[in-house]
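A note on names: the letters A, B, ... follow the listed sequences, proteins ahead of strands, and every chain is numbered from 1. If you're wondering where the values come from, they're calculated on a predicted model, not measured in any experiment.
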Amino acid sequence: MIRVLLVDDEKDLTFFVKKNLESKGDYQVRVCNDPRLVVAEVRDFQPHVLVLDMMMPEVSGEDVAADLRESKETARLPIVFLTALVKEGEAGSSGNVIGGQFFVAKPVKIDELIRVIKLAMAQSA
Amino acid sequence: MKLQRKLGLGFLLVAVCLGIVNAVWIGQARLIKGQFDQFAEVTISRIIALWQAESSALRMAEAAVGQAGEDGAFEAARKEHSEWVAHYKKVAGDAEHDKLISAVEKTGEAVRQRAEDLIAKTSDGSSQAELDAAQNRLFQARQRLRLVIEKAMRPELGLLVRQKAALAARVRTAEPVSVAAAGVVASVALLLAAWLARSIADPIVRLAQDARTVGSGNLGWRTGVRSRDEIGQLAEAFNRMTENLQRTTVSKRFVDNVITSMADALIVINPEGTIRSVNPAAITLLGYPEAELAGLPVDKLFADRRGGNNALARAGLEAVLVGASLRNVERQWETKEGRAFPVLCSASAVLGEDGDTQALVCVALDITELKRAEEALRRAYDELKQAQDQLVQSEKLSALGRFAAGIAHEVKNPLGIVLGGVEFLESQLSVGSNLQPIEETRTSLAMIKDAVQRADTIVRDLLKFARPSQLKREPVALSGLVQETIALLTYGGSLKKVQTQTQFATGAISVEVDKNQIQQVLLNLMMNAIDAMGGAGKLFVRTRLAQDPGKTLAAIEIEDTGEGIRVENLSRLFEPFFTTKRDKKGTGLGLSISKTIVESHGGSISVASQVGKGTVFTVVLPAVEEGVRT
Ligand SMILES: Nc1ncnc2c1ncn2[C@@H]1O[C@H](COP(=O)(O)OP(=O)(O)OP(=O)(O)O)[C@@H](O)[C@H]1O
Ligand SMILES: [Mg+2]
């Protein structure tokens with residue numbers, strides 16, 4: 001089972017993403033709607049991959065990622081960003097990597113998300 | 001003693017001396033005159049009287065002898081004789097002469113009797129013998145008279161000789177007395193002159209000497225002349241003057257030092273435009289030897305020479321000559337080698353006591369470095385300005401970008417829900433299981449519907465930005481509008497735990513607005529306030545008139561006791577999509593739309609907030625003047 005920590009302030013969105021991912025059978029998903037709690041959740045849940053919304057109030061996805069990279073235990077945790085700022089095609093054509101970061105364009109298609117999760121995990125392995 | 005009094009006293013002394021000498025002289029003259037009177041009037045007239053008495057007696061006798069009685073000669077001589085005897089009696093009328101007088105009278109009488117007797121004898125024809133006898137007796141009487149007069153005359157003559165000797169002696173003694181008096185006066189005058197000289201001339205001469213000493217440069221010299229008169233005052237004034245001179249001369253030396261050591265170049269220019277003198281800084285700056293600078297036309301120093309027919313005009317200093325002064329004017333100077341450099345130049349005229357220009361003083365500060373620094377600074381400023389412009393540009397871009405990102409995020413989030421929901425439902429269908437709880441499907445569909453509605457709201461709200469609907473302005477009473485809005489919120493149940501408090505300006509305020517739009521603004525602000533208080537607290541709504549030059553403004557204040565706004569969020573508050581209520585489905589468009597509406601009414605909206613205490617939003621709208629409507 002692959003442990004996925006899903007971080008987005010939009011509850012309805014995380015609800016469906018969790019449902020859809022878990023329905024694939026290989027994933028165990030924990031939802032976190034408050035970006036400020038991510039570091040604690042990572043320690044607690046020990047995810048294999050982090051799916052992180054870029055645009056959240058108070059703390060952005062980038063801030064969360066920076067926090068994680070600062071700590072040794074979490075520095076190598078693969079992160080897949082969710083963003084509304086790139087078009088699906090754009091994210092795909094760039095191999096879902098921009099500046100060394102993995103992206104999935106919003107609105108999230110579940111197969112796309114799984115593909116990028118695998119990519120990210122493969123790279124960090 | 002005052003000089004005047006001194007002089008007065010001197011002259012008085014001389015006058016008194018002269019008076020004394022005069023008195024001595026007059027006394028001497030009186031004495032001499034008295035002796036002379038004695039001599040002339042008494043002695044001499046006695047002698048003359050005796051002499052005349054004798055001669056008239058002789059003539060009497062002769063007349064009698066010669067029978068001259070007929071023609072009156074005898075009678076005349078007799079009369080004369082008695083008169084002279086009477087005169088002698090008068091002038092010699094004292095005890096000493098009594099015997100002589102009576103002797104002269106008696107003998108004179110005898111001559112007269114015998115003369116008459118002879119005349120009588122002659123006329124009645126007496127004999128010759130008788131006549132001769134009578135004549136003889138007459139001669140004898142005449143002889144006796146002669147002897148008597150001679151006797152009387154002898155002491156008178158002796159007296160005369162004595163008196164003459166006495167007079168001569170008197171005159172002889174008068175001479176040294178007068179000479180002595182004159183000598184005394186002369187010496188007194190001499191002493192006086194010496195004293196006056198000592199007390200007037202001497203100090204003046206000494207003062208003159210002292211003045212020469214001071215004049216030769218010995219400024220420490222003081223005069224020793226002391227007295228209580230005007231000379232003393234003069235001496236004191238002299239010393240004071242010397243002291244002042246020393247003081248000012250010392251400070252002149254100080255000023256010279258200052259000028260010599262000052263960093264600014266200083267040039268003294270003659271009124272006709274040649275350089276009179278310069279300080280070392282000027283020499284260093286200009287690279288001329290000092291001797292070469294003196295007498296040089298001043299325009300030689302100016303690289304930015306102007307036209308003109310004299311050096312001052314060409315140097316641009318002509319106006320200074322007629323009283324203007326240059327203050328920190330930027331000019332170009334030129335070194336001897338011809339290198340130009342910028343200076344900050346100040347110049348003014350040095351006026352003599354009578355007000356005419358004696359010289360021009362020009363001070364110049366080399367500002368080459370300053371100019372260089374200024375240039376560098378200007379360049380740096382330009383660069384900074386450019387960078388800032390770029391920054392503003394990118395900031396604008398980022399604001400626009402943030403807006404676009406906001407729209408993308410806001411729209412794509414509900415879309416994501418829709419997509420996720422649909423995919424979920426699809427997966428349910430593909431599994432083909434009818435055993436899946438119908439409940440989950442229903443909530444999923446509800447969530448999808450919700451998300452679609454949200455996307456719709458956002459798009460509608462966005463349309464308000466794109467096409468702000470035509471304002472339908474009408475006069476609205478502000479207090480009524482506020483009350484209506486609060487009522488709306490009350491019906492909606494938002495104010496259950498909120499205590500509202502309204503305070504309206506005395507006198508109704510009327511505004512001409514699109515009522516629906518302004519109501520929406522008030523609703524937005526009040527709902528934000530309620531959100532900030534977590535649904536419970538105090539909501540104050542106040543209206544008041546505000547005065548702005550030229551127009552009356554209506555202000556609405558909406559104050560809450562909520563959580564307040566963090567400082568870093570204040571600047572982004574009115575940005576579209578800025579929200580801290582994402583979890584409560586806030587769009588972040590409320591304030592930005594409110595701002596757009598208020599501004600389209602010609603008003604403004606502002607905020608003041610304190611974290612933990614509360615927030616006040618103030619909406620200002622143009623009020624309708626005099627428009628009191630309900
Ligand atoms: N009275 C207030 N007290 C504290 N914060 C406020 C207040 N009014 C506005 N804010 C802050 O400003 C943000 C933007 O407000 P705005 O009305 O534009 O959007 P929203 O209220 O978040 O969303 P929406 O109005 O669409 O529900 C709010 O999320 C909140 O953080
Ligand atoms: Mg709001």
Option among B:Asn528, B:Ile518, B:Leu489 that satisfies the side chain to side chain contact (heavy atoms under 4.5 Å, CB included) test with B:Leu523: B:Leu489
Under 3.5 Å donor-acceptor, A:Asp8 side chain and A:Asp53 backbone: no
Part of A:Val17 within contact of chain B (heavy atom distance under 4.5 Å): neither
Best-contacting candidate, B:Gly588, B:Gly416, B:Ala451, against chain A by heavy atom pairs under 4.5 angstrom: B:Gly416
Selection from A:Asn33, A:Asn20, A:Asp34, A:Leu13 maximising heavy-atom pairs under 4.5 Å formed with chain B: A:Asn20
Which residues share a side-chain hydrogen bond (donor to acceptor under 3.5 Å, both in side chains) with B:Ser609, sequence neighbours left out: B:Thr615
Exceeds 12 heavy-atom contacts within 6.0 angstrom, atom CD of B:Glu599: yes
Per-residue contact mode, B:Ser444 against chain A (heavy atom under 4.5 angstrom): both
